> 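Sharing a structure with you now.
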Amino acid sequence: MSFRRYLFSTNHRVIGVQYLVLALVSVTIGTLLSLLMRIHLVWPDYIVPFHGPILPEDYLALVTIHGTIMLFFVLTTAPQSGFGNLILPSQIGARRMAFPVANAISFWLTATALLILLSSTFVPGGSAISGWTAYPPFSAIASAGPGQGFGMDMWLASIAVFAIAGTIGAINTLVTIIKLRCEGMTWDRIPLTVWGWFTAALLSVIAFSVLLAALLLLFCDRHAGTSFFVPTGDLVNGVIHAAGHPGNGSPLLWLHLFWFFGHPEVYIAILPGMGLTSMLLANFSRRRVFAYRMMIFTTLLIGFLGILLWGHHMFVAGLNPYAASAFAVSTMAIAIPASAKVLSWLVTVWRSRPRYTTAMLFSLGFVSLFITGGLTGPVLAQPILDEYLHNTFFVVAHFHLIMAMAGIFGLFAATYYWFPLMSGRFMSERLGRLHFWTTIVGAYATFLPMHLTGLMGEPRHYAQLIGVPNAAGHLLAGTLPLNRFITWSAIFLATAQLLFFANLIHSLYRGKIAPPNPWQATTLEWHPALHPNAPFETSDGRIVVYRQPCEYLATAGEELILPQWRSDGIPNIKPE
């Protein structure tokens with residue numbers, strides 16, 4: 001295949017690789033930006049090569065671009081669009097996505113969105129400084145500060161293009177799962193990974209549509225004289241904005257619209273990892289997934305409840321106390337299906353003899369981080385506690401553990417597990433285990449202490465911890481020793497990822513050749529007729545499913561895997 005054909009391919013596997021490469025570039029940039037933020041917090045006089053000192057507006061721009069890149073172009077793109085394109089069709093017995101051309105368009109729109117975002121750094125005034133949440137009225141008024149002019153417009157354009165691309169991709173995913181399942185692939189036989197992609201796609205269609213509408217309204221406030229989010233007589237940067245904004249808008253409206261997208265986005269990022277974790281724990285433990293149908297139900301329930309609890313991000317924004325109570329209850333309610341998933345994971349591996357491959361270790365790490373990060377969720381669900389903790393590093397610690405690090409661990413598990421499928425080679429297990437242990441130690445060392453600095457009162461988005469007068473300065477200076485530890489831990493965590501890059505590059509060319517089904521898996525992506533690297537196909541290429549995934553049969557002390565495509569082994573199970 002020529003470079004041009006590869007670049008503009010409509011093949012779902014090629015597009016999946018393109019998404020993963022884009023996410024890999026994005027996570028590298030986002031990590032470097034986060035290190036600059038951490039270095040500035042503890043060494044504020046550090047001179048960045050080719051840039052100079054980091055000014056307060058530079059720090060806020062780093063916060064904005066880091067959060068935007070990581071949330072949209074890594075945690076959304078890699079699991080849902082990257083591995084979704086690579087693996088989803090094969091797992092349901094299909095040979096393509098439902099709309100190949102739309103699939104390619106979705107990728108190029110995503111790449112365009114990333115380029116627009118990164119280009120905003122070089123426009124007059126620089127990148128937007130209003131954070132990845134873009135709260136008005138500052139984001140609605142160009143004179144609010146550096147970067148709030150053309151840089152903010154480019155941020156809006158980038159996320160709008162991304163929302164369009166995400167909606168197209170989600171519709172493609174839904175139609176593929178509903179229409180292209182092979183014979184016998186009934187809804188209760190679909191792998192839990194596919195249920196994760198399915199539920200995340202449902203959330204994407206709803207959430208990205210609302211986000212796109214909110215972005216258009218904010219753009220109109222900035223350039224069309226409307227006042228959806230700008231109150232009458234609002235004083236911003238010494239200027240009263242009344243003439244250009246004659247209406248009486250409310251910033252609270254933006255919070256409702258944005259967080260109606262923002263909280264489902266958490267589950268868009270993590271639901272595919274939940275599904276993969278369930279499958280890998282079962283596969284490497286040689287067990288059925290405990291309560292398989294319950295796991296399907298809890299996936300859908302998490303998605304449904306995830307739409308209903310956006311208001312817990314707004315407890316300190318003047319929300320009606322009765323509404324706050326309702327959102328607090330719904331937030332605590334989502335702990336029920338989440339706890340049911342944890343119970344299934346624990347029971348699945350209980351008293352088994354797992355194979356501790358690198359993919360299995362990262363799956364167990366996902367469970368660990370999900371539990372640790374999730375434990376602080378009910379704390380923040382209490383409006384009275386959230387009033388103190390909301391704008392502190394306690395919240396940063398919470399969402400980085402449960403979404404960012406758990407999501408990244410899911411991506412690492414997927415990479416190590418499916419690498420033989422993508423390349424025909426194994427990744428190094430020795431390097432992989434070293435990568436796992438350094439990463440999980442670095443993750444906990446970086447984010448657990450942030451709970452303590454948050455409890456001490458360290459606010460988010462502050463550009464410096466020293467030099468602030470009065471009691472606030474004394475409070476911030478008290479967090480400095482812990483912040484130094486966090487910064488060194490973050491540097492260690494980022495450096496540990498060099499092991500992954502070295503393993504990835506070496507294994508692509510020198511990795512051990514993998515057999516067609518190296519993990520003795522039962523799901524259809526390893527089927528001889530669907531395997532992209534197998535040297536043979538079945539005689540007629542017909543794909544039929546006879547059972548749920550993760551079925552095993554023990555005979556005379558010997559374990560026998562029963563792939564979904566095998567018709568023997570368990571009687572009286574016929575394709576429907």
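Remember, predicted model here, so these are calculated numbers, not experimental data.
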> side-chain contact (heavy atoms from CB on, under 4.5 Å) for Ser26 and Leu114? Distances and angles first, verdict last.
CA-CA 8 Å; Ser26 300; Leu114 178 62; 3.4 Å; yes
> Taking the side chain as every heavy atom from C-beta outward, state whether Asn503 and Tyr416 have any atom pair closer than 4.5 Å.
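Yes. Closest side-chain heavy atoms under 4.5 Å.
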> Less than 6.0 angstrom separating the ring centers of Trp195 and Phe198, yes or no?
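Yes.
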> Answer yes or no: is there a side-chain heavy-atom contact under 4.5 Å between Phe228 and Leu218?
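Side-chain contact under 4.5 Å: no.
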> Restricting to pairs with a member in residues 139-154, which pass salt bridge (charged side-chain N to carboxylate O under 4.0 Å, His left out), not counting sequence neighbours?
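For residues 139-154, and leaving out neighbouring residues, the salt bridge (charged side-chain N to carboxylate O under 4.0 Å, His left out) pairs sorted by first residue read Asp153-Arg222.
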> Determine whether the aromatic ring centres of Phe447 and His398 lie less than 6.0 Å apart.
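No; His398 has its ring centre 6.0 Å or more from that of Phe447.
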> Could you walk me through whether Arg13 and Ser90 satisfy the side chain to side chain donor-acceptor pair (under 3.5 Å) test, starting with their C-alpha distance in whole Å, then the side-chain angles of each, then the deciding distance to 0.1 Å, before giving a yes or no?
CA-CA 10 Å; Arg13 290 194 178 97; Ser90 298; 3.2 Å; yes
> Are the side chain of His12 and the backbone N or O of Asn85 linked by a donor-acceptor pair below 3.5 Å?
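Yes: the side chain of His12 pairs with the backbone of Asn85.
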> Can you confirm whether Phe492 is buried at CZ, in the sense that more than 12 heavy atoms of other residues, nucleotides or ligands lie under 6.0 Å from that atom?
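More than 12 within 6.0 Å, yes.
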> Identify the heavy atoms of Gly30 and Met70 that sit nearest to each other, and give their distance.
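Closest approach of Gly30 to Met70, heavy atoms only: C-CE, 3.6 Å.
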> Among side-chain atoms of Thr121 and Ser127, is any donor-acceptor pair under 3.5 angstrom?
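Per modelled atom types, Thr121 and Ser127 side chains form a pair under 3.5 Å.
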> Does a side-chain heavy-atom distance below 4.5 Å link Leu212 with Thr167?
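Answer no - side chains too far apart.
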> Sub-3.5 Å donor-acceptor pair from the side chain of His400 to the main-chain atoms of Val396, do we have one?
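It does hold such a pair.
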> Does Leu504 offer a backbone N or O that forms a donor-acceptor pair with the side chain of Ser507 under 3.5 Å?
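It does not hold such a pair.
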> If you look at every heavy atom in Met427 and Thr415, which pair is closest and at what distance?
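The pair with the smallest heavy-atom distance is SD-CG2, 4.0 Å.
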> Would you mind reporting whether Asp386 and His312 have side-chain heavy atoms less than 4.5 Å apart?
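A side-chain contact under 4.5 Å is absent here.
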> List the residues meeting ring-ring contact (aromatic ring centres under 6.0 Å, His included) with Tyr267, not counting sequence neighbours, and say none if there are none.
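ring-ring contact (aromatic ring centres under 6.0 Å, His included) check on Tyr267 returns His263.
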> Which atom names give the shortest non-hydrogen contact between Ile39 and Thr487, and what distance separates them?
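Taking every non-hydrogen atom into account, N-CG2, 4.2 Å.
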> Tell me, do Ile159 and Phe72 make a side-chain contact under 4.5 Å, heavy atoms counted?
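Touching, per the 4.5 Å side-chain cut-off.
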> Is the backbone of Ala102 close enough, under 3.5 Å, to the side chain of Ser106 for a donor and an acceptor to pair up by distance?
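No: the side chain of Ser106 does not pair with the backbone of Ala102.
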> Will you find, in the side chains of Thr439 and Gln497, an N or O donor that is under 3.5 Å from an N or O acceptor?
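There is such a pair (donor and acceptor under 3.5 Å, judged by atom type) between the side chains of Thr439 and Gln497.
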> When rounded to the nearest 0.5 angstrom, what is the spacing between OG in Ser130 and CG in Leu156?
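The distance works out to 8.0 Å.
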> Under 3.5 Å, side chain of His313 to main-chain N/O of Trp310, donor-acceptor pair present?
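Side chain of His313 to backbone of Trp310: no pair is present.
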> Which value, rounded to the nearest 0.5 Å, describes the distance between Thr331 atom OG1 and Leu309 atom CG?
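It comes to 4.5 Å.
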> So, do Phe107 and Tyr19 have ring centers that fall under 6.0 Å from each other?
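So the answer is yes for these two rings.
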> For Val230 versus Ala140, what's the shortest heavy-atom pair and its separation?
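Where Val230 meets Ala140 most closely, the heavy atoms are CG2-CB, 3.7 Å.
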> Any side-chain to backbone donor/acceptor pair from Ser120 onto Gly151? Under 3.5 Å, distance only.
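Here the side-chain-to-backbone pair does not exist.
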> Scan Asn391, Thr392, Asn483 and name whichever one has a side-chain hydrogen bond (donor to acceptor under 3.5 Å, both in side chains) with Glu458.
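Only match with Glu458 under side-chain hydrogen bond (donor to acceptor under 3.5 Å, both in side chains): Asn483.
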> Treating Thr479 as the side-chain partner and Leu476 as the backbone partner, does any N or O pair qualify as donor plus acceptor under 3.5 Å?
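Such a contact is found between Thr479 side chain and Leu476 backbone.
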> Looking at Trp197, is its backbone amide N or carbonyl O close enough to the side chain of Gln80 to form a donor-acceptor pair, meaning the two atoms are under 3.5 Å apart?
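Between the backbone of Trp197 and the side chain of Gln80 there is a qualifying donor-acceptor contact (under 3.5 Å).
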> Please walk me through it: do Ile491 and Thr495 pass side-chain contact (heavy atoms from CB on, under 4.5 Å)?
CA-CA 6 Å; Ile491 293 171; Thr495 304; 4.1 Å; yes
> Regarding Thr372 and Tyr444, is there a side-chain donor-to-acceptor distance under 3.5 Å anywhere?
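Note: Thr372 and Tyr444 side chains meet the donor-acceptor criterion.
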> Between Phe260 and His256, is the gap from one ring center to the other below 6.0 Å?
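No, the ring centres sit 6.0 Å or more apart.
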> Determine whether a donor-acceptor pair (N or O, by modelled atom type, separation under 3.5 Å) exists between the side chain of Arg96 and the backbone of Ala98.
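Present.
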> Would you say Glu429 and Thr357 are linked by a side-chain donor-acceptor pair, where the criterion is simply a distance under 3.5 Å?
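The criterion, which ignores hydrogens and geometry beyond distance, is not satisfied for Glu429 and Thr357.
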> Does some side-chain heavy atom of Ile302 sit less than 4.5 Å from a side-chain heavy atom of Leu271?
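SC-SC contact between Leu271 and Ile302 confirmed.
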> Given side chains that start at C-beta, do those of Phe501 and Thr28 come closer than 4.5 Å, heavy atoms only?
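Side-chain contact under 4.5 Å: yes.
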> Counting only heavy atoms not in Trp488, do more than 12 sit closer than 6.0 Å to its CH2 atom?
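Open: at most 12 neighbouring heavy atoms sit under 6.0 Å from CH2 of Trp488.
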> Among Tyr417, Trp437, Phe436, Phe500, whose ring pair (Phe, Tyr, Trp, His ring centres under 6.0 Å) with Phe362 holds?
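The residue from Tyr417, Trp437, Phe436, Phe500 that satisfies ring pair (Phe, Tyr, Trp, His ring centres under 6.0 Å) with Phe362 turns out to be Phe436.
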> Roughly how far, to the nearest 0.5 Å, is the SG atom of Cys220 from the CG atom of Leu215?
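Going from CG on Leu215 over to SG on Cys220, the span is 11.0 Å.
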> Apply the test side-chain contact (heavy atoms from CB on, under 4.5 Å) to residues His51 and Asp58: give CA-CA distance (whole Å), side-chain angles for both, the deciding distance (0.1 Å), then the verdict.
CA-CA 10 Å; His51 178 275; Asp58 298 328; 3.4 Å; yes
> Quick one about Lys341 and Thr277 (side-chain donor to acceptor, distance below 3.5 Å, no hydrogens or angles considered), yes or no?
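There is no such pair between these side chains.
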> Determine, step by step, whether Leu86 and Leu20 satisfy the side-chain contact (heavy atoms from CB on, under 4.5 Å) criterion, reporting the C-alpha distance in whole Å, the side-chain angles of both residues, the deciding distance to 0.1 Å, and the verdict.
CA-CA 10 Å; Leu86 270 172; Leu20 290 178; 3.4 Å; yes
> Applying the ring pair (Phe, Tyr, Trp, His ring centres under 6.0 Å) test to Trp132, which of Phe261, Phe162, Trp155, Phe258 qualifies?
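With Trp132 as partner, ring pair (Phe, Tyr, Trp, His ring centres under 6.0 Å) holds for just one option, Phe258.
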> Write down the atom of Leu276, the atom of Gly410, and the distance for their closest heavy-atom approach.
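Distance-wise, the nearest heavy atoms are CD2-O, 3.6 Å.
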> Counting only pairs under 3.5 Å, give me each side-chain donor-acceptor contact of residues 460-468, with atom names and distances, residues two or more places apart or in other chains.
| from | atom 1 | to | atom 2 | distance (Å) |
| --- | --- | --- | --- | --- |
| Arg460 | NH1 | His390 | O | 3.2 |
| Gln464 | NE2 | Ile466 | O | 2.6 |

> Looking at Phe83 versus Trp418, is the centre-to-centre ring distance below 6.0 Å?
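Yes, they do, as the ring centres are separated by less than 6.0 Å.
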> So does Leu431 get a backbone contact from the side chain of Ser428, meaning a donor-acceptor N/O pair under 3.5 Å?
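Side chain of Ser428 to backbone of Leu431, a donor-acceptor pair under 3.5 Å: yes, one is there.
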> Atom OG of Ser489 and atom CZ of Arg484: how far apart are they, to the nearest 0.5 Å?
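Answer for the OG-CZ pair, Ser489 versus Arg484, is 14.0 Å.
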> Could you give the distance from CG (Leu364) to CE (Met360), rounded to the nearest 0.5 Å?
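Reported value, rounded in 0.5 Å steps: 4.5 Å.
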> So which heavy atom on Thr446 is nearest to which on Ile486, and how close?
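Closest approach of Thr446 to Ile486, heavy atoms only: O-CG2, 3.5 Å.
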> To the nearest 0.5 Å, what is the distance between CE on Met154 and OG on Ser119?
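Answer for the CE-OG pair, Met154 versus Ser119, is 5.0 Å.
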> Is the shortest side-chain heavy-atom distance between Ile408 and Val74 below 4.5 Å?
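Heavy-atom side-chain distance check passes, below 4.5 Å.
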